Amino acid sequence: MTRSQWHISEADGALILSRRLPAQFDVAVKTVISGGAGLRKARIAHQVRQDMWRALQNLRGFSPVVRVATHGPDLEITAGGTIAGRFPKAATEARVSEVLENPELRARWARYATALKKEKTT
């Protein structure tokens, strides 16, 4: 089985997770997690990407992109991606917004991003 390849880059203090390079947004929605600056950016980005993919997997030609940046004590997340071909922009933005503003998903992202690796006991 081949493992999928995700690109992680950093620019201006922000982490960008994308399937293709260069990462670009045909559709983008932003949200802020208040007090989230201490969370692991890469973990948050992967969780957001997974949930966004679940919501938009039937959108033909969709390739997710997630940008995570700290602004003072807060964490700003921009989620969306590139879409090959025509697509309903307003409906797509609304669906991404639903994912980003879902309180259960946000709580899960925060739990996952603060989880520490278990140490081996010998």
Side-chain angles (χ1 to χ4, degrees):
M1 178 192 287
T2 304
R3 187 178 171 119
S4 63
Q5 199 63 29
W6 290 95
H7 301 282
I8 297 177
S9 58
E10 292 198 38
D12 301 325
L15 179 136
I16 302 166
L17 174 71
S18 65
R19 182 72 161 191
R20 299 180 187 138
L21 291 176
Q24 63 185 41
F25 289 98
D26 291 333
V27 63
V29 178
K30 290 185 182 184
T31 192
V32 174
I33 297 179
S34 298
L39 299 175
R40 294 180 184 173
K41 292 179 191 175
R43 285 183 157 229
I44 288 274
H46 278 287
Q47 290 291 294
V48 170
R49 189 233 1 123
Q50 288 174 353
D51 290 329
M52 186 173 48
W53 174 252
R54 288 180 187 120
L56 297 174
Q57 63 185 335
N58 293 326
L59 182 59
R60 186 178 175 129
F62 176 63
S63 181
V65 177
V66 179
R67 181 181 184 276
V68 182
T70 54
H71 291 287
D74 302 330
L75 198 66
E76 181 184 82
I77 301 170
T78 304
T82 59
I83 303 167
R86 296 173 55 158
F87 67 98
K89 187 169 185 173
T92 304
E93 288 174 342
R95 189 65 190 118
V96 173
S97 183
E98 288 174 15
V99 171
L100 292 180
E101 299 305 328
N102 182 312
E104 293 170 0
L105 294 178
R106 290 169 72 101
R108 182 171 53 81
W109 302 336
R111 281 192 310 271
Y112 182 74
T114 58
L116 299 175
K117 293 180 182 178
K118 292 183 180 180
E119 293 183 32
K120 283 187 174 181
T121 56
T122 54

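None of these values were measured; they are calculated from a predicted model. Counting begins at 1 with the first residue of the sequence.
- In terms of heavy-atom proximity, Val68 sits nearest to Ala45 at CG2-CB, 3.9 Å.
- Rounding to the nearest 0.5 Å gives a distance of 8.5 Å between CG of Asn58 and CH2 of Trp53.
- Here the CZ-CZ distance, from Arg49 to Arg54, works out to 8.5 Å after rounding to the nearest 0.5 Å.
- In Gln57, the CD atom is crowded: over 12 heavy atoms of neighbouring residues, nucleotides or ligands sit closer than 6.0 Å.
- Of all heavy-atom pairs between Ile83 and Arg60, the closest is CG2-O, 3.8 Å.
- Atom CG of Leu17 is separated from atom NE2 of His46 by 5.0 Å, given to the nearest 0.5 angstrom.
- Closest of all the heavy-atom pairs between Asp74 and Ser34 is OD1-CA, 3.2 Å.
- The shortest distance between side-chain heavy atoms of Trp109 and Asp51 falls below 4.5 Å.
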Open item on the list: For a side chain to side chain contact (heavy atoms under 4.5 Å, CB included) check, start with the C-alpha distance between Glu76 and Thr78, then their side-chain angles and the critical distance, and finish with the verdict.
Closed with: CA-CA 7 Å; Glu76 181 184 82; Thr78 304; 4.3 Å; yes

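- Rounded to the nearest 0.5 angstrom, Leu105 CG and Tyr112 OH are separated by 14.5 Å.
- Put simply, NZ on Lys89 and CG on Asp26 are 8.0 Å apart, with the number rounded to the nearest 0.5 Å.
- If you chain together hydrophobic residues whose side chains sit under 4.5 Å apart, Ile16 and Val48 never meet in one group.
- In the hydrophobic cluster analysis, where Ile, Leu, Val, Met, Phe, Trp and Tyr join through side-chain heavy atoms closer than 4.5 angstrom, Trp6 is grouped together with Leu15.
- With rounding to the nearest 0.5 angstrom, the NZ atom of Lys30 is 12.0 Å from the CD1 atom of Ile77.
- Ala28 approaches Glu93 most closely through the heavy-atom pair O-OE2, 4.3 Å.
- Between the side chain of Arg106 and the backbone N or O of Leu100 there is at least one donor-acceptor pair closer than 3.5 Å.
- Annotation: Arg108, atom CZ; neighbour count of heavy atoms from other residues, nucleotides and ligands within 6.0 Å is above 12.
- The closest donor-acceptor contact from the side chain of Thr92 to the backbone of Pro88 lies under 3.5 Å.
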Legend entry - Trace of the side chain to side chain contact (heavy atoms under 4.5 Å, CB included) decision for Arg19 with Thr82: CA-CA 10 Å; Arg19 182 72 161 191; Thr82 59; over 6 Å; no

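- Under the 4.5 Å side-chain heavy-atom criterion for Ile, Leu, Val, Met, Phe, Trp and Tyr, Val27 and Leu56 are members of the same hydrophobic cluster.
- Val96 and Ala79 get closest at one heavy-atom pair: CG1-O, 3.7 Å.
- Closest approach of Met52 and Pro64 over heavy atoms only: CE-CB, 3.6 Å.
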